[in-house]
Amino acid sequence: VQLQASGGGLVQDGGSLRLTCTVSGLTFAFSRYCLGWFRQAPGKEREFVAATKSNGGTTRYRDSVAGRFTVSRSNTKGTAYLQMNNLRPEDTAVYFCAATSSCISSTMSHSSAYNYWGQGTLVTVSS
């Protein structure tokens, strides 16, 4: 299983970026998996950002990004997206995408629920 995150970069305070996570090699159909986004800032623990369940109808966000970030997916392309608007310096981190077939709504925000992880993509927001 491979997850490839891309789309990170340097952006100014208030700017936007769109991250993409391309997934391949899954055992089951892509639509059966929850896709999550997590981030880790320097010197801090990894934290949940957003997640989408199966058909994308169920989503979860951490409070600090709700209303600014939007998670979505294309089950036909095997891809997940994280649209990030109105970025702030505190959003600076390495962003990771993750997948799990053991997906229930109550655990979508828990990193321990995810068994497949991609490499990170760095997002830097300058003030």
Side-chain angles (χ1 to χ4, degrees):
V1 177
Q2 288 191 325
L3 287 78
Q4 181 80 27
S6 61
L10 174 64
V11 65
Q12 290 187 331
D13 190 355
S16 298
L17 283 174
R18 188 195 198 201
L19 304 184
T20 299
C21 178
T22 303
V23 185
S24 61
L26 294 174
T27 301
F28 306 112
F30 180 80
S31 59
R32 288 186 57 176
Y33 290 78
C34 272
L35 274 298
W37 289 95
F38 294 79
R39 68 187 181 187
Q40 187 166 18
K44 295 187 177 181
E45 293 187 353
R46 184 171 55 189
E47 63 183 20
F48 168 74
V49 177
T52 173
K53 194 176 179 182
S54 60
N55 64 359
T58 301
T59 57
R60 293 286 185 272
Y61 297 93
R62 72 178 296 107
D63 290 346
S64 63
V65 308
R68 299 187 297 124
F69 291 11
T70 302
V71 62
S72 61
R73 62 192 292 160
S74 169
N75 287 339
T76 58
K77 295 182 179 179
T79 304
Y81 307 96
L82 184 67
Q83 177 67 43
M84 305 184 295
N85 297 328
N86 192 19
L87 281 160
R88 305 167 181 168
E90 54 264 37
D91 295 317
T92 294
V94 176
Y95 283 70
F96 300 88
C97 60
T100 179
S101 59
S102 303
C103 181
I104 57 176
S105 296
S106 61
T107 62
M108 288 173 64
S109 62
H110 301 175
S111 61
S112 59
Y114 293 82
N115 46 0
Y116 301 114
W117 291 82
Q119 93 298 348
T121 185
L122 177 62
V123 173
T124 303
V125 185
S126 63
S127 58

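Keep in mind it's a predicted model, so treat the numbers as computed, not measured.
Remark: F69 engages no residue in a ring pair (Phe, Tyr, Trp, His ring centres under 6.0 Å) (not counting sequence neighbours). Not counting sequence neighbours, R18 has no partner by the salt bridge (Lys or Arg N to Asp or Glu O under 4.0 Å) test. Scored by the side-chain hydrogen bond (donor to acceptor under 3.5 Å, both in side chains) test, S6 finds no partners at all (sequence neighbours excluded). Residues passing the side-chain hydrogen bond (donor to acceptor under 3.5 Å, both in side chains) test with S74, sequence neighbours excluded: T76.
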Listed pairs under 3.5 Å, donor-acceptor, residues 118-127 side chains, sequence neighbours left out:
from	atom 1	to	atom 2	distance (Å)
Q119	NE2	A5	O	2.9
T121	OG1	G8	N	3.1

If you look only at distance, which donor and acceptor atoms sit under 3.5 Å apart when one is on a side chain in residues 77-86 and the other is two or more places apart or in another chain?
from	atom 1	to	atom 2	distance (Å)
T79	OG1	K77	O	3.2
Q83	NE2	N85	OD1	2.9
N85	OD1	S16	OG	3.0

Output side-chain donor-acceptor pairs under 3.5 Å for residues 38-46, partner residues at least two apart or in another chain, one line each.
from	atom 1	to	atom 2	distance (Å)
R39	NE	E47	OE2	2.7
R39	NH1	D91	OD1	3.0
R39	NH1	Y95	OH	2.9
R39	NH2	E47	OE2	3.1
Q40	NE2	K44	O	3.0

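The backbone N or O of P89 sits nowhere less than 3.5 Å from a side-chain atom of D13 that would complete a donor-acceptor pair. Side chain of R62 to backbone of F48: a donor-acceptor contact under 3.5 angstrom is found.
Using a 30° and 60° split on the angle between ring planes, F96 and W117 fall in the perpendicular class, above 60°.
N115 has its side chain out of reach of Y33: every pair of non-hydrogen atoms, C-beta onward, lies at least 4.5 Å apart. By the 4.5 Å heavy-atom criterion applied to side chains, T58 and M108 are counted as neighbours.
Under the 4.5 Å side-chain contact rule for hydrophobic residues, V49 and L87 share a cluster. Grouping the Ile, Leu, Val, Met, Phe, Trp and Tyr side chains by contacts below 4.5 angstrom, directly or via other members, places F28 apart from Y114. By the criterion of side-chain heavy atoms lying less than 4.5 angstrom apart, applied directly or through intervening Ile, Leu, Val, Met, Phe, Trp or Tyr residues, L35 is not grouped with Y61; the two fall into different hydrophobic clusters.
Heavy-atom minimum distance, A50 versus V71: CB-CB, 4.0 Å.
Under the salt bridge (Lys or Arg N to Asp or Glu O under 4.0 Å) criterion, no residue pair touches residues 113-127, with sequence neighbours excluded. Applying the side chain to side chain donor-acceptor pair (under 3.5 Å) rule to pairs touching residues 96-112 yields K53-S105, sequence neighbours excluded. Within the structure, disulfide (SG to SG under 2.5 Å) contacts touching residues 11-94 (residues at least two apart or in different chains) are C21-C97, C34-C103.
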